[in-house]
2 protein chains.
Amino acid sequence: MPERTSISKRVIERLSEYRSTLDEFDTTETRSIYSHDLAKLCGVTAAQVRRDLMTIGFSGSSAKGYDVSELQQTVGDFLGFGEERRMALVGIGHLGRALLDFFADRNPKLILCAAFDINEMRINRVIHGVRCYAVSQLTEVAKEKRANMGIITVPDAAAQDVATALVEGGVSGLLNFAPVQLRVPNHVFVENLNISTVLEKVAYFAGQSGDKER
Amino acid sequence: MPERTSISKRVIERLSEYRSTLDEFDTTETRSIYSHDLAKLCGVTAAQVRRDLMTIGFSGSSAKGYDVSELQQTVGDFLGFGEERRMALVGIGHLGRALLDFFADRNPKLILCAAFDINEMRINRVIHGVRCYAVSQLTEVAKEKRANMGIITVPDAAAQDVATALVEGGVSGLLNFAPVQLRVPNHVFVENLNISTVLEKVAYFAGQSGDKER
DNA sequence: TTAACACTGTGATTTTTTTCACAGCAGAGC
DNA sequence: GCTCTGCTGTGAAAAAAATCACAGTGTTAA
């Protein structure tokens, strides 16, 4: 039973950041950490760290701060690292490839279980241990591989169909790189990541010589 | 003279989204649009759209809504599309390549003026019209090319040095894909984009069968 | 000309998020 | 054991963001 009251995206993001920051530490050497220090490493305030940890019911000690490995464990559990996360990647352009690389290295908690592309050349290839299938088989293969998340890096025009097929295949979370508003049943969580938007934001704030990150 | 009171990242993101959504329209056919409709296309509420446009001082008419091309123009101006934005891309792995592709197609407002890599093989190649230089020349070339933004897609350990070199080269905005907290002078705006964090967020909310995008 | 309508602009309100600030506690030093 | 220190946990306050709700307005139709 994960949580009582619903927790905002922002908090989840920070928790994820705290946890991965902690991965850098050698827990035999650094046993514990103060909210202050973790905050600095993550670019947030100490009060924010304490509040977030309070939100998930994690306590430290007043003299030593937070126990590093305990914190990793607790946040990991909270984020659902216990359960299996199986991702389907659709679209193996450069961005898709970048994601394949990415998961070859790190993040052992999220498993890429299948990749898909429309290009004949790529079908049936195995990249970093992940087999590539034809998009036409999306729904079947997603079901068969028990994917529960999908990553969409296809051209804009194809994104909606891909999303629909993924959902039909049993996926309940999507990361969508296409600048398109996906229509999905509302038990499905969609996160849109539009690179243009991000860059335009950077451009805007880079313009203001007056600063302030936030 | 762009704005009076400082505007939040969130608003800028939405404005960017409104603008690019409007690009889909043929302005000779669709002259104007209601807050309601634009809202639906962008996945926000109508009140939000009106509030955001009010924030930048843009007015519509009560019967016709907002004039599409005027709105595009105004938002574009506001976001600084008038001025030149010259970006340096550092790291030409798959992700870097994806970004190069990306800018070959769209976004004529942001110019990729140089790319950098440490790998000999890639140096001096020209990809989509962008020349690739050695990272060792980062500062000089950035200056020479008058870059004002940087995109960092290098391995974690190299990110800080790259950031420092870019800033020295005159860059005042960074998009950083490395999961590292960059230290930069505070006239420099940094946006961190950590793919793991994004995916962990999707994983978390995909877990909750109880939904609610936000 | 008037009435009905559907929209915008916006003050007021609500909700959410962040920060403040301090009581209370645990360990270190004496 | 007592005191001093600097931390956490957390109510309370502040700030920021989103939503509500409605007056005012241009448009269309009768």
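Proteins get letters first, then strands, A, B, ... in listed order; numbering begins at 1 in each.
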Listed pairs under 3.5 Å, donor-acceptor, residues 158-172 of chain A side chains, sequence neighbours left out:
| from | atom 1 | to | atom 2 | distance (Å) |
| --- | --- | --- | --- | --- |
| A/Gln160 | OE1 | A/Arg183 | N | 2.8 |
| A/Gln160 | NE2 | A/Thr164 | OG1 | 3.1 |
| A/Gln160 | NE2 | A/Arg183 | O | 3.1 |
| A/Thr164 | OG1 | A/Gln160 | O | 2.9 |
| A/Ser172 | OG | B/Ala206 | O | 3.2 |

*asked:* Distance check needed: D/dC7 P versus A/Lys40 NZ, whole Å only.
replied: 11 Å
*Taking atom P of C/dT18 as reference, at what distance in whole Å does atom CG of A/Leu53 sit?*
14 Å
_Length of the line joining B/Ile7:CD1 and D/dA17:P, which is rounded to integer Å_ = 11 Å
*Should A/Gln48 be listed as having a side-chain N or O under 4.0 Å from OP1 or OP2 of C/dT17?*
no
*Below 3.5 Å, does any donor atom in the side chain of A/Arg51 face an acceptor in the base of C/dT19, or the other way round?*
yes
*Nearest-Å distance, CZ (B/Arg14) to P (D/dA17)?*
9 Å
_Proximity of A/Phe78 and B/Tyr204 rings by center, below 6.0 Å_ = yes
_Closest listed nucleotide, where the reference is the side chain of B/Met54 and the choices are C/dT19, C/dG9, D/dT8_ = C/dG9
*Start at the 5' end of DNA chain C and walk down; is the nucleotide closest to B/Ser35 or to A/Ala47 reached first?*
B/Ser35
_Between P on D/dT10 and CD1 on A/Ile56, what's the gap in Å once rounded to a whole number?_
13 Å
*asked:* C/dG9, OP1 or OP2 - any side-chain N/O from B/Tyr66 closer than 4.0 Å?
replied: yes
_Using whole Å, what does the distance between atom P of nucleotide C/dT8 and atom CG of B/Asp67 come to?_
13 Å
*Note: B/Lys109-A/Glu200 ion pair, threshold 4.0 Å (strictly below)*: no
*With the side chain of B/Tyr34 defined as its heavy atoms from C-beta on, choose the nearest nucleotide among D/dT10, C/dT8, D/dC7.*
C/dT8
_Interatomic distance, A/Glu191 atom CD to A/Phe177 atom CZ [nearest 0.5 angstrom]_ = 10.0 Å
*Calculate, to the nearest 0.5 Å, the distance between atoms CG and OG1 belonging to A/Leu41 and A/Thr21 respectively.*
6.0 Å
*Which nucleotide, C/dT18, C/dT8, D/dT10, lies nearest any side-chain atom of B/Arg50?*
C/dT8
*Using only side-chain N and O atoms of A/Ser8, determine if any of them is under 4.0 Å from OP1 or OP2 of C/dT17.*
yes
*At under 4.0 Å between heavy atoms, which parts of nucleotides 23-30 of chain C does protein reach? Answer with one letter per nucleotide, 5' to 3': B base, S sugar-phosphate only, - none.*
-BBSS---
*Can you tell me how far the CG atom of A/Leu15 sits from the CD1 atom of A/Ile7, to the nearest 0.5 Å?*
7.0 Å
*Interatomic distance where CG belongs to B/Asp52 and P belongs to D/dA17 [whole Å]*: 11 Å
*Given atom CD of B/Glu70 and atom C1' of C/dT8, what is their separation to the nearest angstrom?*
14 Å
*For B/Thr197, which of A/Arg14, A/Glu17, A/Glu13 qualifies under side-chain hydrogen bond (donor to acceptor under 3.5 Å, both in side chains)?*
A/Glu17
